[in-house]
Amino acid sequence: MSCVRRLRKRTKSQELVYQEQCKIVAYENGKRIGLEGDPDLQFLLKGGDLLKVKSRSWRKTRFFRLNDDCKTMWQQTSKTFKSDSGFSLEDIDSVRYGRQTEGLRKYTDLSVEDRCFSIIFKSRRKNVDLIASSKEEAKRWVSGLEKVITGMHNLNRQQNTEHWIYNCMHKADKNADNKMSLKELKHFLRQINIEVDDSYAEMLFKKCDRSKSGTLEGSEIKHFYDLLTYREEIDVIYAKYASTNGQMSSGDLLDFLQYEQREPVSSEYVQKLIEKYEVDEIAKQNKYMSKDGFLMYMNHEEGSIFNPAHKGIYQDMRQPLNHYFISSSHNTYLMEDQLKGPSSTEAYIKALMKSCRCVELDCWDGANGEPVIYHGHTLTSKVLFKDVIKAIKEYAFKTSQYPVILSLENHCSVEQQKIMAHHLTSILGSALLTQPLGYQMPTTFPGPEELKGRFLIKGKRLNKLDATFNNNTTEDEDSVSEEDEAAELKEAEQKPKEKSSNKIKLAKELSDMVIYCKSVHFSTFEHSRDNHNFYEMASFKESKAMNLAENSATAYIHHNMDKLSRIYPAGSRTDSSNYNPVPLWNAGCQIVALNFQTPCKEMELNEARFLPNGKCGYMLKPEFQRDPASQFDPKNLSVGPWLQKKILHVMIISAQQLPKINKDKQKSIVDPLVKVEIYGVPADNASKQTHHIDNNGFNPTWNTDFQFTVHVPELALVRFVVEDYDAASHNDLVGLYTLPFTSMQNGYRHVPLLTKRGSLIPSAGLFVHIMALDG
């Protein structure tokens, strides 16, 4: 049996010193996130016992507390030798009070409703379902965690850096004496992702050890921190414009913003920036911006690459619904793959909280007369239709008020279709659209603004929409063809020469709920133009849609000026992978449905497309994709309003605080490189990358220039990717960020970095210079 090295036990006096040190650290961290002396924070730091629930039989008491870094939770575990188990608050998506998860509703009784709460994670990590000893205690856990998470989210990049470095220093101080030895300094540098040779570490140490005591303490540690976080590139920019006695006057700052950042701003705006970000009161009174104030401004949203004017709703939301790109999910109920993965209401909640505005419900007959949702003829688990509708009702409009389309793939018997209709009306109530807006037959779609807070059903309908106005209740038939996607899957499963009907019986109650999104089969654009009304829409398999976008783009764009189009992934994508949505957006397709559960480049592009306009899930298409006179063809660019040629200059200057990829290896340091990629019309697609830098994830510098030609900026997305170079194998992802070309700011900008699942990496970022000039 292998030996396990145990840490030497602290003496009683050492333990008291250590505990006192932890209190100081917790106090400083609480102060940083604006919760100095907050009773809820003190409650979390003290911690307490909670009942952890995994099933009816698995219920165990576990001790939970917030660590003194105010960033991670510690939880007791029964696993041998695993004394330090927990999770980061950065990984938490939400904290829900009550029995608000499938697990708690399934494994607990209604009597403990007010003592329950759940921690929901951003990744595929399972929820942590907990029961407190009282209602008051449960509420305190929830409010305390929400406070700390909000405090962390409100930190700017500079504050995040300070918070991160301070805690890394605390971890490196192994003996908790509030001093740093040379050995601890080397450990600290590795922890913050920078590899230095021993001579450099000793030089840095001696430079800061002014007392010649052999350790750094107090002001010496502060001096070391200042040396470490010094940003030479910011100094150079500041010095260039600080022409008033070495400081930046309001006039100097105005020059910087107008000439360097290309912002058409006024003197009044400059004064507001000084008031907002200047840290020195004397400089503020003299209407100057110091170097510290300038760095503070550069680290806030005004200094970000993403235009803050695009952060809220800024587009016209009264255009017809089909004039927008609509954030859309495929097989929304799945948490993983299409063959054996779990189906869950959680998958709907996650998609809706990302402002997805079109979700899919694959409906089948279930036991006890209750319809279920799952991926038919597979081993994926089943979830009750009514539970999904309840979850949708609760979470549909938390992040966006604009309409949600429920795309029904109906495989149910008429009896269970009637149950579906009952659940839809009883649960969604007046929010469910069951009549066209207005008092006469419409000729076009209403806009997202008119449909705020409403649910639209997409599915088969037995008759024309005008039947709702002329009291025509007679239906020619009670059978309709299956949805195209369902028919395609059935064909794929059939044996050769085997035939089955693609007709299904449709209940009138369900049929009448389909108003603006009636599913029809697509044959040709001419046939659709001559035979289909505006509210009749087709679903296209990705291969069919890609072919049309490639070979008949202009006709496809005109088709989408009148009607909605939904695109779905090929049935062969059993691993829930995704196709590239960009060519479909180029062809004006609105509902480009992706597997939201799969973190991948395609989902990153989707999130970037819907990043502006308040992340509301609707983006107005460019005018040339809405104007009937337009002859725009993304493949063969001719002169027209779409051709707004730009020469994009990108300088990758530096990066800050890149995360370690292999955290298990103490000496593992990243060798970062940066890729810049353009996605848009074929002529604009491009990719370039910097050289890699050895052993420096803390503050690598490249100063590498790139130039791109962008012909149709309104359809272009710009993607920044940081990778850890590996000569022997595939590079590992460090972080990334994607945004629309038209939402990008010129000048010196900070680029935030996200994980592959779209979570912000708090202290990490790129520093770049952007200049988009008319070509």
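At a cut-off of 3.5 Å, with distance as the only test, a side-chain donor of K601 or Y679 sits close to an acceptor on the other residue. Side-chain contact, T72 with S88: no donor N or O sits under 3.5 Å from an acceptor N or O. No donor-acceptor contact under 3.5 angstrom links the side chains of E233 and T701, judged on distance only. Inspection of the S759 and E90 side chains reveals no N or O donor paired with an N or O acceptor under 3.5 Å. In this structure, a donor-acceptor pair under 3.5 Å is absent between the side chains of Y230 and E232. Donor-acceptor pairing under 3.5 Å is recorded for the side chains of N731 and E723. A donor and an acceptor atom, one from each side chain of D694 and H692, are located under 3.5 Å apart.
Not counting sequence neighbours, the partners of N613 by the side-chain hydrogen bond (donor to acceptor under 3.5 Å, both in side chains) test are Q315. Checked against side-chain hydrogen bond (donor to acceptor under 3.5 Å, both in side chains), T244 has the following partners two or more places apart in sequence or in another chain: S249, D252. Considering only residues two or more places apart in sequence or on other chains, E263 meets the side-chain hydrogen bond (donor to acceptor under 3.5 Å, both in side chains) condition with R749. For Y238, the side-chain hydrogen bond (donor to acceptor under 3.5 Å, both in side chains) criterion is met by no residue, not counting sequence neighbours.
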In sequence, state the C-alpha distance, the side-chain angles, and the governing distance for K350 and K122, and then conclude on side-chain contact (heavy atoms from CB on, under 4.5 Å). CA-CA 8 Å; K350 284 180 185 285; K122 294 172 184 173; 5.7 Å; no
Show the numbers, then the answer: is there a salt bridge (charged side-chain N to carboxylate O under 4.0 Å, His left out) between K291 and D235? CA-CA 8 Å; K291 203 182 294 179; D235 265 16; 3.4 Å; yes
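For residues 294-306, the pairs satisfying salt bridge (Lys or Arg N to Asp or Glu O under 4.0 Å) are K276-E302, E301-K311, with sequence neighbours left out.
The main-chain N or O of R65 is never found under 3.5 Å from a side-chain atom of Q75 such that the two would form a donor-acceptor pair.
Ring centroid separation for the pair H649 and F706 does not come in under the 6.0 Å cut-off. Centroid-to-centroid, the aromatic rings of Y241 and Y259 stay 6.0 Å apart or farther.
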Which donor-acceptor pairs under 3.5 Å do side chains of residues 734-746 form with protein atoms, sequence neighbours excluded?
unit_1, atom_1, unit_2, atom_2, d
S743, OG, H310, ND1, 2.8
Q745, NE2, S304, O, 2.9
N746, OD1, A772, N, 2.9

